[in-house]
Participant: 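Quick one: structure below, then a few questions.
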Amino acid sequence: MGSPAEYAIVAAGLTKRYGGFTAVDRLDLNLTRGEVFGLLGPNGAGKTTTILMLLGLTEPTEGESRVEGHDPVRDPLAVKRLVGYLPDNVGFYPNLTGRQNLRYTADLNGLTRREAPDRIDALLSQVGLQEAADKRAGTYSRGMRQRLGIADALVKDPRILILDEPTIGIDPEGVRELLALIRHLSHQRGMTILLSSHLLSQVQAVCDQVGIFIRGRLIATGPVDTLGRRIAGEDGFEIEVQAYDPREAAPANGAVGSSLADIPGVREVGAEDTMWVVHAERDVRPLIPGALAAHGLVAIHLRLRGQSLDDVYGQYFHGETGVNDA
Amino acid sequence: MPEDEVPRALAGEAAVSAGEDDPIEGPEEHRGRHKFDLVPVGVGPVLRKELADQLTGLRFAILLVLIGVAALASVYLAGQAIKDVAFQAQGARNVFLGLFTVSGNGLPSFVSFVSFLGPLLGIAFGFDAVNSERSQGTLSRLVAQPIHRDAILLGKFLAGLATVALTLGVLMLLVGGLGLLIVGVPPSAEEVLRLIGFFLMTVLYVGFWLALAQAFSVVFRQAATSALAAIAVWLFFAIFWSLLAGLAVDALAPQGADPTVAQVLRHERLSEGFGRVSPITLYGEATAPMLDPSVRSLGALLPAQVDRAIAAPLALSQSLLLVWPQIVALVGVVLVFFGAAYVIFMREEIRA
């Protein structure tokens, strides 16, 4: 277990079993202060269970965790004082206004009557709800509820923010705003943020670190790009290529394969739909345009596979299926 | 938290090191409450919010009108009946109490109405206490706040009880005022004390139904199911229990065509015992001597026991002594159901 002074969240061997079903299996996790950590995995992977254990809302079967040095099992109140939590499918009292809902949270956190209104006003405008603040929460749309949920999690001015599926039900513009807010909280306020999601492409831009969580097991952690490289490194590099033939004013075909196969380090070149996939021992992208030009072709698409998180995710997801079947 | 007042511009390291040195007792004491954890942290805010919800809700208004109309009608008729007979009654004592116990012109007395509608009050304020939070998705937010989980149950229970006390208090004052106008006899000090005793017992009695409904609201995910279950228990005790108990007693202590005294006594004791399983019976027995000082005993008395006894009304302290076991039993069942809700709720995992 890492030293509590260094990490905001530490989990060691955290396990949760429901009867015979293991929801979370020996999870080890270290979150550095101020980082944004994305817990990624399909539905039912155990992300929410992990969050509940970190918050002291459910007891781990085995293992332990520390949140800012506090044990969620023995001292859940200390943890809950420091952690703002946006639950999956957040709800509000429909007969109270958005502002009144936040007031209740402020009360529960022991904010004084003097400081609460100002902070609530600031938060409401931060999430863009100042106009709807005095409407009943029952009239809010899904996206508005989600935004009010973020404001609600921030009312206590937390040191750690835990967001469970924060992008669900928000339109793309809303997601963009949300990610901007997360970035702001992380960079300007030094908040440690743990967010879970099953939509990788939405959150990868904002995460410093990601953990791929599948069937209760955290099977890989690290920054997005190194995770991608690690996968690529295993069975070499895969590069997508599309070329254009200016002489025929059409996408090039036949000649591409032979021209690429001559590049040193390339093991194999295969065709996939309209593009070519180069399997190489190393990243040969700098050499490809030159090789194509030598044959009078122009490169119009060049992409290293396994670098976007979607590829990482897909690869791990498939790998996991294979492991389990074995 | 105090450290949060530090401008967050310094963020990371500064805020973090301030936090490390801060013992967790610090912020608690800073706010000057719950030093000894006698009351779970967070009861205050939950109580305030729930009370505001109850009092501004439509539910409260409907029940107040419903029970108010019944109570006013019963006391008006009781007042008329008392006025008609008061002059013939010898030594008309405790006329004011009579307003609450006398039934006039076919309408049940105030006490009967309260005994019948009290459960409805308790059930109405408790049946959706926890499951509505669950279905609204507010429960997972609530339990993530720095409050003890039992504060949610206790706060809601106390808010319900306060609402009940308020409803009942308002009604009794209203009804007392009306009675005073009709009968014109002001209550004596003892009568006022007896009415306060009746008030507290009624709050306790409604508290039982509140605790029951709240326990159901923890067990049943659907508010409608929980309300139906609580109403089923109410109707069972109000209507069927005495029938079933009668059958059971007849089977256990049969009385022939010519029963002996021992047989009759055994039959009587058993049926008392069975009857007292029902909180409605307990409440009836607890309130009768409170509102009628001439009630000297609950249950069967042999002629030998009343031989040469003077038929005088009991003092308040003696009436209280008589109903003490009933009060303790009512407190007991309230605690049982509150405890059951507590145990289930504390061990539950709350997912969104």
Side-chain angles (χ1 to χ4, degrees), chain A residues 4-5 8 18 33-34 48-49 52 55-59 68-70 75-96 100-101 103-110 112 115 137-138 145 149 152-153 156-159 162 164-165 187-192, chain B residues 1 3-5 7-20 23-25 27-28 30-34 37 40-42 44-46 48-50 52-53 56-58 132-149 151-152 155 347-352:
Chain A
Y18 296 101
R33 288 217 169 82
T48 300
T49 308
L52 293 183
L55 277 167
L57 292 179
T58 188
E59 274 190 33
E68 290 285 352
H70 301 292
D75 197 0
L77 253 57
V79 172
K80 288 171 188 171
R81 260 180 225 118
L82 299 173
V83 181
Y85 171 49
L86 171 73
D88 187 10
N89 204 359
V90 64
F92 290 92
Y93 300 104
N95 53 336
L96 300 185
Q100 286 169 335
N101 269 292
R103 265 311 285 271
Y104 186 35
T105 305
D107 269 359
L108 291 169
N109 281 282
T112 64
E115 62 187 335
R145 277 211 305 277
D152 181 74
K156 65 178 84 164
D157 199 4
R159 253 190 263 168
I162 295 185
D164 199 357
E165 299 282 4
H187 293 174
Q188 310 296 315
R189 313 263 301 267
M191 224 174 260
T192 310
Chain B
M1 325 253 119
E3 68 266 25
D4 287 344
E5 260 109 59
R8 280 308 188 107
L10 293 168
E13 292 308 312
V16 158
S17 57
E20 278 314 311
I24 213 58
E25 289 77 23
E28 280 294 333
H30 176 67
R31 273 173 225 135
R33 52 166 108 124
H34 311 311
D37 259 10
V41 177
V46 175
R48 273 202 297 281
K49 187 245 169 206
E50 292 297 323
D53 272 6
T56 55
L58 200 54
S132 71
E133 297 258 4
R134 213 190 291 274
S135 58
Q136 284 164 9
T138 47
L139 192 58
S140 48
R141 227 159 33 79
L142 197 54
V143 294
Q145 305 307 327
I147 56 169
H148 286 132
R149 203 184 270 198
I152 299 170
R347 301 173 63 179
E348 200 172 36
E349 177 181 296
I350 288 148
R351 279 182 172 264

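Proteins get letters first, then strands, A, B, ... in listed order; numbering begins at 1 in each.
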Participant: For chain B, find which of A:Pro76, A:Pro94, A:Gly34 contributes the most heavy-atom pairs closer than 4.5 angstrom.
Facilitator: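 Result: the option with the highest number of such pairs is A:Pro94.
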Participant: Non-hydrogen atoms of chain B under 4.5 Å away: do they reach the side chain of A:Thr49, the backbone, both or neither?
Facilitator: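 Backbone plus side chain of A:Thr49, per the 4.5 Å heavy-atom cut-off to chain B.
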Participant: Non-hydrogen atoms of chain B under 4.5 Å away: do they reach the side chain of A:Leu86, the backbone, both or neither?
Facilitator: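 Neither part.
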Participant: A:Ala137: which residues meet the side-chain contact (heavy atoms from CB on, under 4.5 Å) condition with it, sequence neighbours left out?
Facilitator: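 Listed in chain order: A:Phe92, A:Asn101.
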Participant: Partners of A:Asp152 by salt bridge (Lys or Arg N to Asp or Glu O under 4.0 Å), sequence neighbours excluded?
Facilitator: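 By the salt bridge (Lys or Arg N to Asp or Glu O under 4.0 Å) rule, A:Asp152 matches B:Arg141.
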Participant: For residues B:Glu133 and A:Tyr93, is any side-chain donor paired with an opposing acceptor at under 3.5 Å?
Facilitator: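 Looking only at side-chain atoms, A:Tyr93 and B:Glu133 do form a donor-acceptor pair, the distance falling under 3.5 Å.
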Participant: Select one option (side chain, backbone, both, neither) describing which atoms of A:Leu57 are under 4.5 Å from chain B's heavy atoms.
Facilitator: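 Both parts, backbone and side chain.
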Participant: Heavy-atom distances under 4.5 Å only: say whether A:Asn95 touches chain B with side chain, backbone, both or neither.
Facilitator: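 A:Asn95 touches chain B through side-chain heavy atoms alone.
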Participant: Hey, what do you get for CD (A:Glu59) to CZ (B:Arg347), rounding to the nearest 0.5 Å?
Facilitator: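 Atom-to-atom, A:Glu59:CD and B:Arg347:CZ are 10.5 Å apart.
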Participant: With no hydrogens and no angle check, is any side-chain donor or acceptor of A:Lys80 less than 3.5 Å from a backbone partner on A:Gly56?
Facilitator: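 Between the backbone of A:Gly56 and the side chain of A:Lys80 there is no qualifying donor-acceptor contact (under 3.5 Å).
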Participant: Can you tell which part of B:Leu139 gets under 4.5 Å to a heavy atom of chain A, answering side chain, backbone, both or neither?
Facilitator: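 No part of B:Leu139 comes within 4.5 Å of chain A.
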